[in-house]
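Scroll down for the structure; my scribbles are underneath it.
Below, all heavy atoms of this structure are taken into account, side chains as well, without hydrogens, waters or symmetry copies. Only a predicted model underlies this, so the values are computations on that prediction, with no experimental measurement involved.
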Amino acid sequence: MTTDDRIIAIIAEQAMLEPGDVTLDASLADLGIDSLGLVECIFAIEEGFDITVPFNANDPSASDFDISSVGAIIAAVKQLQADQAG
Amino acid sequence: MARVVITGAGTINPIGGDVPSTFAAMREGRCGIGPLDIPDVERLAIQIGGQIKGYAETDHFNRQQIALYDRFTQFTLLAARQAVGQSGLKFSGALADQSGVIFGTSGGGLNTQDENYRAVYEEGKNRVHPFIVPKLMNNAAASHVSMEWNLRGPTFTVATACASSNHAMGQAFNMIRCGMTKVMVTGGSEAMLCFGGIKAWEGLRVMSKDGCRPFSATRNGMVQGEGAGVFVFEDYDHARARGADILCEVIGFAMTSDASDIVMPSKQGAARAIAGAVRDAGVPLDAVGYINAHGTGTAANDKTECAAVADVFGAHADKLMISSTKSMHGHLIGGTGAVELLACIMALRDGVIAPTIGYEEPDPECALDVVPNVARDATIDVALSNAFAFGGLNAVIALRRFA
């Protein structure tokens, strides 16, 4: 599975949707994922990709990790993989 | 119904080892939050807390006691010693049978669990000390206080996360009020600053890495603390008959459940508890001069709490003072309401309102008088102490100045 597919699978599982129903322009809220679901998604991403995601639920917009849409999350994970490689 | 007064208070917390030193720290707006000194701290993303510095259990307890007293029990016993000592009460005969202990804690003997899981899982040991169970159980502190002072009536522990102490003190209040008991030793304790305790909170992504700034637009989460607060609640007629020094009167209590979300707070649930406590106290809303806020420093709590206060008090919300002393001692989780009740007692008895320190920038969603950074002198008749727990459980206590 590609990185994109793996992230979509994580989000789809939280949203209780089929991966095919998760579009890149959707926000997590669009998919019915609440604040706890978001924290679980981030945890699953950290575990799955062995990266650390800078995210504080008190101020999600303050971190560099863009969670505004599925596509943004995929891009942010790829950036973190590059930054945290090795 | 019997009237209920407080005739003793004790504490050990990150800003003071007793009540006078805690009041002095609150007056000065001193911060007890700093770098954590615990094993494996380098593996934590959150490395600050309100830790009781310089605490050595061997200064206070012997080897046999330490084998049975987890850190949360130790804190409770130290605070209880001060509170019962101040009350001047001796428990024997009928009074002992009519006196009990109700404490709040969330984690109980969490350090004991952490240390022993480490021993069996990490170090591969196949044997633990025989007293681990009685040391870690949540009711250990209540039981040891009952044994130490011969309190033989209703004794138990309440665990409702961040509202534990307020729920505990509410039960103690109502037991005396309805004539079931004469004296209750009550309050709460928490000692969660161990690797597992903080690692678990870290996962929720609500902790601040740099400080607790309740109500400030720059707040970015809560900071954990540790310690205990213990009070002697006494039937007023009993206290008066023996000429006891009365610190203040407990006049109301209410508890509600949001019945909505396991972590997100609800304005309606908080408002119903606040209004309920005032109603139970039988005082007008505008009698309330000070509220010790739950004020965790998270985005969600502080704006929800301010909205609830505004809803309940209407125009009077702009006249009362509301501060969060968590900015100084951190969030003591199950023990927090007990330590925070001290700020209410200081307001009523000494006329000093503890500040919300770390306040940097107004937040339009927290537009109340939060007593920013500097303590204030004021004469207050009625004070409230708010506690709103994960699980949507809210508990509010009302106190009145005893003149």
When A:I42, A:L38, A:N56 are each screened for side chain to side chain contact (heavy atoms under 4.5 Å, CB included) with B:R205, the one that passes is A:I42
Need one label for B:M264: side chain, backbone, both or neither, based on atoms under 4.5 Å from any heavy atom in chain A. side chain
Checking B:L204 against chain A: side chain, backbone, both or neither under 4.5 Å from a heavy atom? both
Need one label for A:E40: side chain, backbone, both or neither, based on atoms under 4.5 Å from any heavy atom in chain B. neither
Counting only heavy atoms not in A:D50, do more than 12 sit closer than 6.0 Å to its CG atom? no
Does CD in B:E123 sit with more than 12 non-hydrogen atoms of other residues, nucleotides or ligands closer than 6.0 Å? yes
Inspect the surroundings of CZ in A:F43 and state if more than 12 heavy atoms from other residues, nucleotides or ligands are less than 6.0 Å away. no
Honestly, the part of A:D59 sitting under 4.5 Å from a heavy atom of chain B is neither
Under 4.5 Å, counting heavy-atom pairs only, tell me which of B:D261, B:V206, B:I262, B:N220 racks up the most with chain A. B:N220
Segment of B:V263 engaging chain A (4.5 angstrom heavy-atom cut-off): side chain
Hey, is CD on A:E13 packed in by over 12 heavy atoms from elsewhere, all under 6.0 Å? no
